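Below you'll find the structure, written out as structure tokens, and then a few comments.
All heavy atoms count here, side chains included; hydrogens, waters and symmetry mates do not. Since the structure is predicted, the reported quantities are computational estimates derived from the model, not experimental observations. Reminder, nothing fancy here: chain letters follow the sequence lines and each chain counts from 1.
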There are 2 protein chains.
Amino acid sequence: MSSKKGAYSYKFPRPAVTVDCVVFGLDLEAEHLKVMLIQRDLEPFAGQWALPGGFVREHESLNEAAERELREEAGLDNIFLEQLYSFGEPQRDPRGRVISVAYYALVSPEAHEAIASTDARDAAWFDLEEVPSLPFDHKQILTMAKERLKGKVRYRPIGFELLPEKFTLSQLQRLYEIILETKLDKRNFQRKIHRMEILVDTGEVQQNVAHRAARFYSFDEAAYKQLERDGQEFSI
Amino acid sequence: MSSKKGAYSYKFPRPAVTVDCVVFGLDLEAEHLKVMLIQRDLEPFAGQWALPGGFVREHESLNEAAERELREEAGLDNIFLEQLYSFGEPQRDPRGRVISVAYYALVSPEAHEAIASTDARDAAWFDLEEVPSLPFDHKQILTMAKERLKGKVRYRPIGFELLPEKFTLSQLQRLYEIILETKLDKRNFQRKIHRMEILVDTGEVQQNVAHRAARFYSFDEAAYKQLERDGQEFSI
DNA sequence: GCAAAAGTGTTCACTTTACACCCATGT
DNA sequence: ACATGGGTGTAAAGTGAACACTTTTGC
């Protein structure tokens, strides 16, 4: 099992290495976080819903592997993706020693539609509260991903990744209420957001709503970077 | 290169998997963070200083591998250890594809002494500002570990891991000043610490110091857990 | 006109910050 | 007696939390 390369002196069997991705989406109507699962077509656990993922190839980095799997299995490209944690209990995979580098991803509602359009027909969204039983240690990975999201969303502007390009302040507030599992005060929330000056008013408003139309905003990346440079911090 | 196990359909060469550890120590006199490096005895980079680490064995978890390497190479046992990040650029190791799961560890001055006593004679402490050039992507790993420590120490009680069992408030303050690279106000700092009620006064005081003797405190794990249960948070 | 969500200010409590002096001890 | 670091209080500013009504729109 040792390598053919002369300089290589590793004498133990090598584990296989996979990436697994926790893809979060947001259902603002149902007020739920969603996670994307795919129906496995290979053993073990063929037919079961599982996190999208697969083996890391020889000439790609871990990030590239995660991006490729999301593209191939979920039809998702160019989305927020960040490494979560690596899982390596010896018995976590019945096939043998498999180490999984887990990632989490955040996708906007626009990107949701990509799933239907591509060959990722085995992918589906599940309410985070109604996830079926998952193979391997995918439940544990999912739990950790949710904790990471919950912890990070408060002090990094990653929540916007879950919203459409243009969104209302109410949608943004609902996002935080869903992720943080708490109610927020509307006036305090809006003041806080406005104070940071990281949103731009698109000038557009809601159409055909049976109440006063809300303004659409979008996240201003440049303004956020300026905020950081000024020693301020994003914070909800 | 495919596995002998029938159920296993992975057709790509497997990467090797290593763990690498960034071990931090604190030099309160010199007011510097230190990092432990070991002199490599194997190629590649034999003779160079590098992060302690090595290959993950077949029947051990990633955590166990990191613990074993620290024991074998640094004579360190039972210390704070947490996974940092996994590094997997295809060219990061000249031997071929090697994925490294990085950890960071915090050791108290008492544990420093372990190094001299064991067979870890190739281990040595370096001021964080005076680290020699490191092989592989170890510099990048070290940088990320430092950022993680800097970020985490403010809202988790992990700083205590770098102090002796019993410490003075000034030592604790100096710890934060060193890690956060900032000056703190003594009165405000002490008030903050006391308000959390997570330290116990050991009743002991400094001996043979040419000034009023400081009290020794120790971190009260149980009190901290109570604080958490009360919905409060550790914070500096 | 009514239902439904948008938008907007003020007060109070608490936390953070800035700041200076006396105390205990060894030499 | 002096040098050294230990230990302590107070006032001002800023931040976070609580709280209710008017506006706009579609039906």
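Taking atom CZ of B:Arg187 as the reference point, atom C1' of D:dA11 lies 12 Å away to the nearest angstrom. Atom CZ in A:Phe189 sits roughly 14 Å away from atom C1' in C:dA6 (whole-Å rounding). Nucleotide D:dG6 holds its P atom 11 Å from the CZ atom of B:Phe216, rounded to whole Å. Rounded to a whole Å, the NZ atom of A:Lys186 is 15 Å from the C1' atom of D:dA18. Put simply, CD on A:Gln173 is 14 Å from C1' on C:dT8, counting in whole angstrom units. One interatomic measurement links the two molecules: OH of B:Tyr217 to P of D:dG7, which rounds to 6 Å at whole-angstrom precision. Counting to the nearest Å, the P atom of C:dC14 and the CD atom of B:Glu233 are 19 Å from each other.
In this model, the phosphate group of D:dG16 is approached by a side-chain N or O of A:Arg195 to a distance below 4.0 Å at OP1 or OP2. The phosphate of D:dG6 (OP1 or OP2) has a side-chain N or O of B:Ser170 nearer than 4.0 angstrom.
The 12-atom threshold is not exceeded at CZ of A:Arg215, counting heavy atoms of other residues, nucleotides or ligands nearer than 6.0 Å.
Each of A:His211 and A:Asp185 was assigned the nucleotide of DNA chain C with the nearest heavy atom; the assignment lying further toward the 5' end belongs to A:His211. Nearer to the 5' terminus of DNA chain C, by closest-nucleotide assignment, is the contact made by A:Gln171 (compared with the other of A:Gln171 and B:Gln207).
For the pair B:Leu172 and B:Phe189, the minimum side-chain heavy-atom distance is below 4.5 Å. With contacts defined as side-chain heavy-atom distances shorter than 4.5 Å, the pair B:Tyr155/B:Glu233 does not qualify. A:Ile158 places a side-chain heavy atom less than 4.5 Å from the side chain of A:Phe80.
A donor and an acceptor atom sit less than 3.5 Å apart, one in the side chain of A:Arg191 and one in the base of C:dG9. A:Lys192 contributes no side-chain N or O that forms a donor-acceptor pair with the base of D:dG16 under 3.5 Å.
Distances were taken from every side-chain heavy atom of B:Asn188 (C-beta onward) to each of C:dT8, D:dT8, D:dG9; the shortest belongs to D:dG9.
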